[in-house]
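Some notes on the structure that comes next.
In listed order, ligands and their atoms are each counted from 1.
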Amino acid sequence: MTAETRHSFLDGKIKRLLIDGRRVESASGKTFASVNPATGETLAQVAEGDAEDIDRAVEAARRAFEGPWGRTKPAERQMILLRFADLVEKHFEEFAALDTLDMGAPLSRTRNNRRRALGMLRYYAGLATTVEGRTVENSLLGGDFFSYTLREPVGVVGAIIPWNAPLSSSLWKIGPALATGCTVVLKPAEEAPLTPLWLGELALEAGVPPGVLNVVPGYGETAGAALARHPGVDKVAFTGSHITGQKIVEASAGNLKRVSLELGGKSPDIVFADADMEAAVPGAAMAAFSNSGQICSAGTRLFVEQKIYEQFTHRVAEYGRTLRVGNGLDPEVQVGPLVSEQQLERVTGYLAIGRQEGARPLAGGERLTEGALGRGYFVPPTVFADVRDEMRIAQEEIFGPVISAIPFTDIDEVVRRGNATMFGLGSGVWTRDVGKAHRLAKSIRAGSVWVNCYQAMDPAMPFGGYKMSGYGREGGQEHLEEYLNTKAVWIRTDL
Ligand code: NAI
Ligand code: MG
């Protein structure tokens, strides 16, 4: 390990699974390497969980749910979540660095996430004491019944997360699950298991009882699939690709477990000629280039009003060229590497497809291989102009820093074309015309509409998909619903 990658969590030992409050070997004894995508260097060997380990973890989670955890008071869970947030805060700089090392996002981004990550945990801590049922005035049955509802935790949650924001995605599942009184088996992505493992250890330190949060890294086809089909799991909360989302739904059929899916997108970002250009140029660029485009709601289909199309796309390309690409440990770097060699192949594959389809690269377009960059998986901010709706680079999720810029002429047309995708996660509108903004906000079929901004996120706002971007919401009051069951209680009062 080089001095650069020294980190308190990376002590040279095998990173073990966290089951029932203990660090354990995987049943198979196998391990896999977690790699720094900026350098290709192995950061740690991680125990590779598979179906047997998932069994053990689900059993532990079930015992914890049926044990004392199931009887904790909301205020106790609130205190535990607040203590957990304090511990994450204490170590936040190291968490940011661990995310940067393991998946490549620059420190400028992972550090910036501080307020939101901590805010998320504290927001769910707050919500823990707000869960309540209601008393119901029956519509037909009259006064001989006292009827009310109870809101109960769904039980054991299988949380399967991707690699593009390990800290946030972990907290986005752990927060609502613990707030409502569920227990969790968290399966991190094989590309970035380190932050979730460390979070699991800190949760214990914060007073989360053993078995309430288990962390089992492993591959999707083995550990992930075992969790998705496990009869002892009551709900799967999944974030990742729509292809895997479909597999999760199929696997869930065995015990008809609850499923929530936060999947991918090909989000339209629509720029009108009347927009504030000083805001729209960097806004549209970063909508697609942040995290090297590895964001589910990235604004990758850039619709630009015809009369400003040339000028605007050139300005976005220029902006992209000024972004500093490199190893994310350098605090000046704005765009880090892609997460893995596999993602590099995928993205460079799309760069070739774009050229074959006749799109015109205005910036980027090729992998970077000069000097130290050659050891990592670097693709520069790329803007393709002359993109047509039917091109693959306009329809498929690339998950790299690639903008497909498409001209349009009027509002109804751009709504129709913007909606002509199987996805519906994010969307952006840049205009100074308030009427136009509201009209678009209503017409776009997507879970989020950002007007004169992009990717604004807050713990209190719901986030999620329409169409093949999935179902269920994360964030906001709506999020708790995903982790709760409703029970109807009837009491006859005339006996
Ligand atoms: P993926 O969806 O396969 O992986 C996400 C998580 O699901 C990982 O933890 C993985 O181990 C797990 N998984 C994989 N197969 C599974 C299965 N059969 N059963 C249960 N769990 C399973 O995504 P991957 O392979 O990392 O990336 C491929 C593409 O997916 C990306 O290029 C991107 O287009 C999209 N993607 C979208 C994300 C989003 O946030 N919407 C996040 C990650 C990937
Ligand atoms: Mg890694």
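Considering each of S297, A228, C296, G293, the one bringing a non-hydrogen atom nearest atom 41 (N) of ligand 1 is C296.
Using a 3.5 Å distance cut-off with no hydrogens or angles, the side chains of D53 and S26 do not pair a donor with an acceptor. If you check the side chains of N113 and S168, you find a donor sitting under 3.5 Å from an acceptor.
Contacts with ligand 1 closer than 4.0 Å are made by no heavy atom of I295, backbone or side chain. Contacts between Q342 and ligand 1, counted as non-hydrogen atom pairs separated by less than 4.0 Å, are absent for every part of the residue. By the criterion of a heavy-atom distance under 4.0 Å, the side chain of Q343, and not its backbone, is placed next to ligand 1. Looking at L227 against ligand 1, nothing comes within 4.0 Å, counting heavy atoms. Residue-level proximity to ligand 1 for A223 is absent, since no heavy atom of it falls below 4.0 angstrom.
Considering both main-chain and side-chain atoms, K187 comes within under 3.5 Å of ligand 1 through a nitrogen or oxygen pair.
Residue P188 approaches ligand 1 through these ligand atoms, each under 4.0 Å from one of its heavy atoms: 9 (O).
For Q246, the CD atom is densely surrounded, since the number of other residues' heavy atoms within 6.0 Å is greater than 12.
By the 4.0 Å heavy-atom criterion, S340 is excluded from the residues contacting ligand 1.
Between M286 and Y319, the shortest heavy-atom contact is SD-CE2, 3.8 Å.
Using a 4.0 Å cut-off between charged side-chain N and carboxylate O, K173 and E474 make a salt bridge.
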